[in-house]
Amino acid sequence: MADSVHPTPLLKDELDIVIPTIRNLDFLEMWRPFFQPYHLIIVQDGDPSKTIKVPEGFDYELYNRNDINRILGPKASCISFKDSACRCFGYMVSKKKYIFTIDDDCFVAKDPSGKEINALAQHIKNLLSPSTPFFFNTLYDPYREGADFVRGYPFSLREGAPTAVSHGLWLNIPDYDAPTQLVKPSERNTRYVDAVLTIPKKTLFPMCGMNLGFNRELIGPAMYFGLMGDGQPIGRYDDMWAGWCVKVICDHLGWGVKTGLPYIWHSKASNPFVNLKKEYKGIFWQEELIPFFQAAVLPKECETVQQCYIELSKQVKEKLGGLDPYFTKLSEAMVTWIEAWDELNPSKGLPNGSA
């Protein structure tokens, strides 16, 4: 029973924690005070015959590649293998309204006062309060305690917009690409900025999937992490691709994306030479991809996330197919993903956002 010492955790029955992994999940011990009340969805990448150990006392379900193939059949082709992009399968099988996803090399960070940061609680705060994508507030999040809308902020916009995504940051190892890792091998992020910002409408951003919360009911079908890893010419752009698609769709549907708090402690730098091999093509391609997403316009007939995403897949095929055959394949996988999502999540006949 909840009491003042152990209050019922926020959204306990409305949020799943999704973790992609290839190893034993000892890192959960540090997160136990914050994660134990919640349901975990573990997506095991790599060899499905390997047994992944989960510390006792956690409520979880675990899916490996055999499970993905069994549940999705031929449509399993849209789920990446040997890449953390496989995490999006967890989004698809979840039945909850909200998702928090975290990598297994991320630990509890401390704020400047030395207090442990409950990252999940901050993501929930971000998601449950509105965003301000249409007009920038110079005091950042006006809904936080001790802040408000500044002079000159239009009263007609002060209700804000529903928040679809909460993008958290990292202390210690920053999320750098391989060239930056190579020239700054010992750089560590020690700067804690106590702020949450709404990313303005029509502004794209690099979305990192290692400390991310989102409203699955609102934006879930667009959170596809693409075709990466085994058999694909690119890796480490899974979350980037999802972020660009999500932002274009949020802008179209009038929803907000926040970035800033919470911080986690990112413990392990991945190998920059391995990363360069994965990112090599993406480093060139992104110079074409960003202008494509900046110019992408969705017709007003697109009223649901699924409709928006299918339309975006057509534009990917038409405008990026010439860049490399990979994008034709990716556009087809985007359609397969939506078909699989709709099979596992039959529509209740409600338009997006009216839960």
Side-chain angles (χ1 to χ4, degrees), residues 20 43 45 63 65-93 204 207 209 216 219-250 252-253 278-282 284-299 301-347 352:
V43 184
D45 199 14
Y63 297 93
R65 193 68 206 187
N66 295 342
D67 300 313
I68 294 171
N69 291 339
R70 175 177 50 80
I71 292 164
L72 295 185
K75 292 188 174 72
S77 62
C78 72
I79 304 296
S80 299
F81 184 54
K82 295 192 176 167
D83 192 281
S84 66
C86 67
R87 78 175 80 222
C88 62
F89 176 76
Y91 311 159
M92 188 188 271
V93 293
L204 294 172
M207 187 178 84
R216 180 182 174 278
I219 200 65
M223 272 289 176
Y224 175 45
F225 276 43
L227 287 176
M228 302 281 149
D230 200 47
Q232 308 302 339
I234 186 174
R236 282 174 59 81
Y237 273 87
D238 50 335
D239 41 9
M240 300 295 137
W241 181 262
W244 299 329
C245 293
V246 158
K247 189 61 168 65
V248 167
I249 292 171
C250 282
H252 175 73
L253 294 173
K278 291 177 181 177
E279 292 171 4
Y280 183 75
K281 282 193 156 83
F284 292 98
W285 287 346
Q286 72 185 11
E287 301 306 320
E288 307 279 336
L289 300 181
I290 300 304
F292 162 75
F293 282 107
Q294 285 172 329
V297 176
L298 300 171
E301 295 78 48
C302 291
E303 293 177 345
T304 68
V305 171
Q306 281 92 330
Q307 288 168 346
C308 291
Y309 203 72
I310 294 294
E311 171 59 31
L312 207 46
S313 78
K314 289 176 189 164
Q315 294 184 24
V316 167
K317 189 174 214 163
E318 184 192 324
K319 303 207 168 127
L320 297 175
L323 179 61
D324 192 276
Y326 167 74
F327 290 100
T328 302
K329 193 174 164 188
L330 177 55
S331 71
E332 288 160 3
M334 290 167 77
V335 176
T336 305
W337 160 265
I338 291 293
E339 290 169 356
W341 182 283
D342 286 346
E343 266 178 38
L344 291 184
N345 301 277
S347 169
N352 278 92

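Since the model is a prediction, treat every value here as computed from it, not as a measurement.
- Annotation: side chain to side chain donor-acceptor pair (under 3.5 Å) contacts involving residues 221-233, sequence neighbours excluded, comprise Q232-K329.
- Among all heavy-atom pairs drawn from D239 and G209, the shortest one is OD2-N, 2.8 Å.
- Aromatic ring centres of Y326 and W285 lie closer together than 6.0 Å.
- Between the CG atom of D83 and the CG atom of D238 there is a distance of 5.0 Å, given to the nearest 0.5 Å.
- Taking each heavy atom of A85 and G226 in turn, the nearest pair found is CB-O, 4.4 Å.
- Within the 4.5 Å cutoff, the side chain of Y237 has no heavy atoms near those of the K281 side chain.
- Judged as a salt bridge (Lys or Arg N to Asp or Glu O under 4.0 Å), and not counting sequence neighbours, E288 has no contacts.
- Of the possible polar contacts, one joining the D45 side chain to the K82 backbone as a donor-acceptor pair under 3.5 Å is found.
- The heavy-atom pair separating A296 from V248 by the smallest distance is CB-CG1, 4.3 Å.
- Minimum heavy-atom separation, I338 to P221: CD1-O, 3.5 Å.
- Between W337 and S313 the shortest side-chain heavy-atom distance does not fall below 4.5 Å.
- In terms of the side-chain hydrogen bond (donor to acceptor under 3.5 Å, both in side chains) criterion, residue partners of K75 (sequence neighbours excluded) are, by chain and number, E343.
- Atom CE of M228 sits about 12.5 Å away from atom CD1 of I79, to the nearest 0.5 Å.
- Here the rule is side chain to side chain contact (heavy atoms under 4.5 Å, CB included) with L320, and of L330, L289, T328 only L289 fits it.
- With sequence neighbours left out, the salt bridge (Lys or Arg N to Asp or Glu O under 4.0 Å) criterion links E311 to no other residue.
- Counting only distance, with no hydrogens or angles, the side chain of R216 and the backbone of Y91 share a donor-acceptor pair below 3.5 Å.
- When all heavy atoms of F284 and Y280 are compared, the pair lying nearest together is CD1-O, 3.3 Å.
- For the pair S347 (side chain) and D342 (backbone), a donor-acceptor distance under 3.5 Å is absent.
- Between the CD1 atom of I71 and the CZ atom of F89 there is a distance of 4.0 Å, given to the nearest 0.5 Å.
- Rounding to the nearest 0.5 Å gives a distance of 8.0 Å between CD of Q306 and CH2 of W341.
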As a quick check of understanding, evaluate side chain to side chain contact (heavy atoms under 4.5 Å, CB included) for E339 and V335, giving each step before the final call.
CA-CA 6 Å; E339 290 169 356; V335 176; 3.6 Å; yes
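- Remark: S77 OG to L227 CG distance equals 7.5 Å, nearest 0.5 Å.
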Output, in order, the C-alpha distance, side-chain angles, deciding distance and verdict of side chain to side chain contact (heavy atoms under 4.5 Å, CB included) for L72 and T336.
CA-CA 10 Å; L72 295 185; T336 305; over 6 Å; no
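- Applying the salt bridge (Lys or Arg N to Asp or Glu O under 4.0 Å) rule to K317 yields the partners E332; only residues at least two apart in sequence or on another chain are considered.
- Shown here are the salt bridge (Lys or Arg N to Asp or Glu O under 4.0 Å) partners of R236, two or more places apart in sequence or in another chain: E279.
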Worked check of side chain to side chain contact (heavy atoms under 4.5 Å, CB included) between S80 and F225
CA-CA 8 Å; S80 299; F225 276 43; over 6 Å; no
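- Between W241 and F293, the distance separating the two ring centers is shorter than 6.0 angstrom.
- Counting all heavy atoms, side chain and backbone alike, R65 lies closest to A76 at NH2-O, 2.9 Å.
- Put simply, CD on E287 and CG on L323 are 11.5 Å apart, with the number rounded to the nearest 0.5 Å.
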Assess the residue pair H252 and I249 against the criterion (side chain to side chain contact (heavy atoms under 4.5 Å, CB included)); give the C-alpha distance rounded to whole Å, side-chain angles, the decisive distance to 0.1 Å, and a yes or no.
CA-CA 5 Å; H252 175 73; I249 292 171; 5.5 Å; no
